[in-house]
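For clarity, every value in this text was computed on a predicted model and none was experimentally measured. Residue numbers count from 1 along this sequence.
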Amino acid sequence: MEFDNIECVSTTDGMNEDEIHHHNLQHPHPHHAHHQFSSSKPHNATNTTNNGNTTTNNIVGPTAIAPATSVHELLECPVCTNSMYPPIHQCHNGHTICSTCKTRVQHRCPTCRQELGDIRCLALEKVAESLEMPCKYYNLGCPEIFPYYSKLKHEAMCNYRPYNCPYAGSECSVVGDIPFLVGHLRDDHKVDMHTGCTFNHRYVKSNPREVENATWMLTVFHCFGQYFCLHFEAFQLGMAPVYMAFLRFMGDETEARNYSYSLEVGANGRKLIFEGTPRSIRDSHRKVRDSHDGLIIQRNMALFFSGGDRKELKLRVTGKVWKEQQNPDTGVCIPNLRS
C-alpha cells in the first residue's frame, strides 16, 4: 500500500510551521538495515609465538571485569560460540557442544566428526555451577557479577543492554545505545527531528478511506535532555478503522515514569484529550499500539474534525511533554509544568 499526497506539518517551541510531504511512508528507508551496534563481547586478538603456536587473548576495556579465559573458553560452544548451559553434551573424545547445536550438526561432533550420543558432560556443568561471571554488557557499563546459571536471566532484562531501533513500519534490526539510535533515525530513516516540549502536528490525506493497517509517521522530539518518539498510525480496531497517536520514551521504563504527556485533537466545538506516561522503547511500537495506550480517534470522528465534505483527512494533533517532580515528603510525583 502506498501513501501519496500525505502532508505533515509540525511546529514546536518557537518554530514556524513547515510543510513536509511524505511518500510511501510504510516502506523502510533503503539504507537503514545494515548498521549494527558494536558487540558487547570482548574482541579476540591472535598472537603467534616463536614455536608456531597461536594464543588467543580477550581484549577488554580498562574498567571491564575479564572472565577466567580458560574456563570461559571451555564453556563456549564451538558452533554458535554462545555460553553453554545444561544439558552440555560431549562426544566419545570429550569434545563439548550445546544442546541446540547438537541437533543442528545432525548429532555429529563438529571437531572430530564422531557420532554424538547422549553423553552429558557433568563435570563441566558442575564447574559452571561454581563460577561467577560478569554480565555480557559489562563493556556498556553493567557492573554486576552473577552465578553462571543466573547470568542469562539477568542479561535478558539488563538495563545496559542495547535498545532496538524504534522506527515503525519496518523490521529494522539495528540495535545500539540512545545517541547511536538518534543518529541512525536521523541519517538512515530520515526521521523529522524537533526540539521543544510542545508540538503541533497536522496530518493530511486525500483518500483516507483507502488507508488501513498503515504506519504513517515517526517524529522525534528532544526536551529535558531526553528523546521522545511521536507515532501516528491508521489501523483496524476490530471492524472499525481508527487513527492513533502515542508517545514513546527513548530510555528505560523507570526513566519514562519521570515524564507525562498529553495529546489533543479537535474542531467544530468537539475535542478529544489523552494524558499518560510515555512508554519505553523497550516495548515495541506494535505492543504499545495493540494495548491502545494512546489517543485513539475513530475515522468518522477524525473526518468530522477535518471539516469540509469529510472526503479528506486534515487532522491536527497538539500536545506537550512535562517532567514529574518527586515530593520528598510523600514520595508522590507532582507535575512540573514550568520547565
Side-chain angles (χ1 to χ4, degrees), residues 8 10 12-13 15 20 25 28-29 31-33 35-38 40 137 139-142 155-201 215-233 244-263 274-291 293-295 317 319-325 333 336 339:
C8 169
S10 176
T12 57
D13 295 347
M15 296 182 64
I20 306 167
L25 292 176
H29 190 270
H31 303 297
H32 81 276
H35 299 274
Q36 194 72 17
F37 191 67
S38 58
S40 61
Y137 301 120
N139 67 341
L140 297 180
C142 183
E155 288 170 352
M157 300 299 294
C158 179
N159 289 336
Y160 292 90
R161 71 191 189 277
Y163 295 88
N164 295 321
C165 172
Y167 189 76
S170 71
E171 297 299 327
C172 181
S173 60
V174 171
V175 298
D177 61 13
I178 298 305
F180 175 84
L181 289 180
V182 169
H184 165 67
L185 289 170
R186 180 188 61 241
D187 300 333
D188 297 326
H189 292 296
K190 309 301 181 186
V191 167
D192 293 333
M193 300 281 180
H194 298 285
T195 299
C197 297
T198 63
F199 43 88
N200 184 349
H201 228 60
T215 297
W216 271 24
M217 280 296 301
L218 171 64
T219 307
V220 175
F221 293 88
H222 182 239
C223 62
F224 300 109
Q226 306 288 347
Y227 290 92
F228 300 83
C229 297
L230 175 64
H231 296 265
F232 185 82
E233 304 186 7
M244 181 175 178
F246 58 90
L247 205 67
R248 285 199 294 165
F249 174 75
M250 294 189 71
D252 278 315
E253 182 182 355
T254 51
E255 297 177 86
R257 294 194 193 105
N258 295 325
Y259 302 91
S260 294
Y261 75 101
S262 66
L263 295 173
F274 174 85
E275 287 192 2
T277 300
R279 297 279 286 272
S280 166
I281 60 171
R282 294 286 190 206
D283 292 334
S284 69
H285 98 280
R286 182 175 293 276
K287 180 179 180 180
V288 179
R289 190 192 78 177
D290 291 347
S291 68
D293 191 3
L295 177 65
V317 178
K320 61 184 176 183
V321 181
W322 64 90
K323 190 172 184 179
E324 303 286 353
Q325 287 184 326
C333 286
N336 176 17
S339 299

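- In terms of heavy-atom proximity, Val321 sits nearest to Phe199 at CG2-CE2, 4.2 Å.
- Take Tyr261 and apply the ring pair (Phe, Tyr, Trp, His ring centres under 6.0 Å) test, not counting sequence neighbours, and it matches Phe274.
- The minimum heavy-atom distance linking Val220 with Cys229 is given by the pair CG2-SG, 4.2 Å.
- Atoms CZ and CE, from Arg282 and Met157 in turn, are 8.5 Å apart once rounded to the nearest 0.5 Å.
- The closest donor-acceptor contact from the side chain of Ser262 to the backbone of Glu275 lies at 3.5 Å or more, if one exists at all.
- By the ring pair (Phe, Tyr, Trp, His ring centres under 6.0 Å) test, Tyr259 is found to be paired with Phe224, Phe228, Phe249, residues two or more places apart in sequence or in another chain being considered.
- Donor-acceptor pairing under 3.5 Å is recorded for the side chains of Ser260 and Glu324.
- Taken from OH in Tyr137 to SG in Cys158, the straight-line distance is 7.0 Å, to the nearest 0.5 Å.
- Between His201 and His194, the angle of the ring planes goes over 60°, which puts this pair in the perpendicular group of the 30/60° scheme.
- Considering only residues two or more places apart in sequence or on other chains, Tyr163 meets the side chain to side chain donor-acceptor pair (under 3.5 Å) condition with Asp252.
- Note that CG of Asp293 and CG of Asp283 are 9.0 Å apart. Values are rounded to the nearest 0.5 Å.
- When Asp192, Thr195, Thr198, Leu230 are each tested for a side-chain contact (heavy atoms from CB on, under 4.5 Å) with Phe221, only one passes: Leu230.
- Distance CG/Leu247 to CG/Leu263: 7.0 Å, rounded to 0.5 Å.
- Taking each heavy atom of Phe180 and Val174 in turn, the nearest pair found is CE2-CG1, 3.6 Å.
- Separation of atoms CG (Leu181) and SG (Cys172) is listed at 8.5 Å; rounding is to 0.5 Å.
- Scanning both residues, Arg279 and Ser291, for their nearest heavy atoms gives NH1-OG, 3.2 Å.
- For His285 and Arg248, the side-chain atoms include no donor-acceptor pair closer than 3.5 Å.
- Put simply, SG on Cys142 and CZ on Arg161 are 11.0 Å apart, with the number rounded to the nearest 0.5 Å.
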